[in-house]
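Shown next, in structure tokens, is the structure this report addresses.
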Amino acid sequence: MPTPRTTAIVLTSGGLDSTTCLAIARAEGFQTIYSMTFDYGQRHRHELAAASLVAKTLGVTEHRVIQIDLRQFGHSALTSDIAVPKDRPESQMSTGVPITYVPARNTIFLSYALAWAEVLSCLDVYIGVNAIDYSGYPDCRPEFIEAFQTLANLATRLTTESQEKFRIHTPLLRLTKSQIIQRGSSLGVDYSLTHSCYDPTPTGLACGHCDSCLLRKKGFADANLPDPTRYA
């Protein structure tokens, strides 16, 4: 088994941010990378297909799709029959918690990653959260990441029986969307493989009007790079 600091788990959604995060983990010297994606009852399957394609293209050691059902709790436009907000100005996107927030999603995802990390004797987990272009999600803030990392180091056999510590890596935390795209492009990320839209067509075309699409389009424009996204 590889030594802990050569192995990392990356949470991937098939989107722009998590794909960049995966490329960064590789660039930062992690030789054995596992990726974890969640089929949590989201309203479409296109991001799951994108995550699998990204994992294959970037050569991860193992890609797992974890099935859980967050639809049973609902209260999100991504897991319930609630309309996805469209064409909101940027000022609204960062004000309050939007209806696309899935309750406790990142807490749940990181907990699954932590369980797999213990089994793999892996002490490094990457997540593509962002505190600037984050659409008001409370579980993308640095305070949340710091708190979860503290929990991880208190709650696991791997850390309590050794001097090693878990690290939650958030390389995108304080980057704008354009900076994220520039960083990924410098690492050779093919963003045509990724999917970000909250409300795509049945064939997978991006709507171009949800918060995620608007932030993505603006990011490519600000980075002065062509946007490879297929829009409806």
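Remember, it's a predicted structure, so these values are computed and weren't measured experimentally.
- Side chain of T176 to backbone of Q179: a donor-acceptor contact under 3.5 angstrom is found.
- Here D222 contributes atom CG and N224 contributes atom CG; the two are 8.0 Å apart, rounded to the nearest 0.5 Å.
- To the nearest 0.5 angstrom, L205 atom CG is 5.0 Å from R230 atom CZ.
- Residues A8 and C122 come closest through the heavy atom pair CA-SG, 3.7 Å.
- Open room surrounds CZ on R71; 12 or fewer heavy atoms of other groups in view lie less than 6.0 Å from it.
- Between E143 and F148, the closest side-chain pair of non-hydrogen atoms is not below 4.5 Å.
- The backbone N or O of G59 lies less than 3.5 Å from a partner atom in the side chain of R26, making a donor-acceptor pair.
- Taking both residues in full, the closest heavy atoms of P200 and H44 are given as CD-CD2, 3.3 Å, listed atom of the first, atom of the second, then distance.
- Between L158 and F166, the closest side-chain pair of non-hydrogen atoms falls below 4.5 Å.
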S52 vs H63, test: side chain to side chain contact (heavy atoms under 4.5 Å, CB included). Steps then yes/no. CA-CA 7 Å; S52 294; H63 175 67; 3.7 Å; yes

Go through it in stages, so that I can follow the logic: the residues are I145 and V129, the test is side chain to side chain contact (heavy atoms under 4.5 Å, CB included), and I'd like the CA-CA distance, side-chain angles, deciding distance and then a yes or no. CA-CA 9 Å; I145 297 299; V129 296; 4.0 Å; yes

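- Between the OG1 atom of T100 and the CG atom of D199 there is a distance of 11.5 Å, given to the nearest 0.5 Å.
- Looking at P85 and C210, their side chains never come closer than 4.5 Å, going by heavy atoms from C-beta outward.
- Two residues are said to be in side-chain contact when any heavy atoms from C-beta on lie closer than 4.5 Å; I127 and C21 fail this criterion.
- Under a 3.5 Å cut-off, the side chain of N130 and the backbone N or O of L175 do form a donor-acceptor pair.
- For the pair P98 and Y137, the tightest heavy-atom approach, listed with the atom from each and the gap, is CG-CE2, 3.4 Å.
- Of the inter-residue distances, the one linking R45 atom CZ with H195 atom NE2 reads 12.5 Å to the nearest 0.5 angstrom.
- For the atom pair D17 CG and L172 CG, the distance stands at 5.5 Å (nearest 0.5 Å).
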Under the criterion side chain to side chain donor-acceptor pair (under 3.5 Å), I'd like the reasoning laid out for T37 against T12: C-alpha separation, chi angles, the key distance, then a yes or no. CA-CA 5 Å; T37 299; T12 59; 2.8 Å; yes

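- The ring pair (Phe, Tyr, Trp, His ring centres under 6.0 Å) pairs that include a residue from residues 207-232 are Y191-F220, where partners are two or more places apart or lie in different chains.
- A donor and an acceptor atom, one from each side chain of Y198 and Q42, are nowhere located under 3.5 Å apart.
- With salt bridges taken as basic N to acidic carboxylate O contacts below 4.0 Å, none links K86 and D211.
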Walk me through it: do L225 and S185 pass the test side chain to side chain contact (heavy atoms under 4.5 Å, CB included)? CA-CA 9 Å; L225 290 171; S185 296; 3.4 Å; yes

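- Put simply, the side chain of L70 reaches to within 4.5 Å of the side chain of I108, judged on heavy atoms.
- Around NZ of K218, the count of heavy atoms belonging to other residues, nucleotides or ligands within 6.0 Å does not exceed 12.
- Taking CG of L16 as the reference point, atom CG of L193 lies at 11.5 Å (rounded to 0.5 Å).
- Nearest heavy-atom pair across T229 and A206 is CG2-CB, 3.8 Å.
- Taking the side chain as every heavy atom from C-beta outward, D124 and H169 approach each other to under 4.5 Å.
- Formation of a donor-acceptor pair under 3.5 Å by the E118 side chain with backbone atoms of R157 is found in this model.
- The two residues S18 and L11 come nearest to each other via the heavy atoms CB-O, 3.5 Å.
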Could you give me the CA-CA distance, side-chain angles and deciding distance for V10 and M36, then say whether side chain to side chain contact (heavy atoms under 4.5 Å, CB included) is met? CA-CA 6 Å; V10 182; M36 177 177 276; over 6 Å; no

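- Between the side chain of Q149 and the main chain of I168, a donor-acceptor pair closer than 3.5 Å is present.
- Salt bridge absent: R105 and D139 never bring a charged side-chain N and a carboxylate O closer than 4.0 Å.
- Panel note: side chain E28, backbone A25; no donor-acceptor pair is recorded below 3.5 Å.
- Contact between A131 and P142 at its shortest, heavy atoms only, is CB-CD, 3.9 Å.
- Chaining together hydrophobic side chains whose heavy atoms lie under 4.5 Å apart places I99 alongside I82.
- Looking at Y34 and L120, their side chains come closer than 4.5 Å, going by heavy atoms from C-beta outward.
- Heavy atoms from other residues, nucleotides or ligands lying under 6.0 Å from CG of D81 number 12 at most.
- In the model, R216 has a side-chain atom that pairs as donor or acceptor with a side-chain atom of T194 under 3.5 Å.
- When side chains are defined from C-beta on, E164 does not count as touching T159, because their heavy atoms never get closer than 4.5 Å.
- For residues 87-114, the pairs satisfying ring pair (Phe, Tyr, Trp, His ring centres under 6.0 Å) are F38-F109, F38-Y112, Y40-F109, with sequence neighbours left out.
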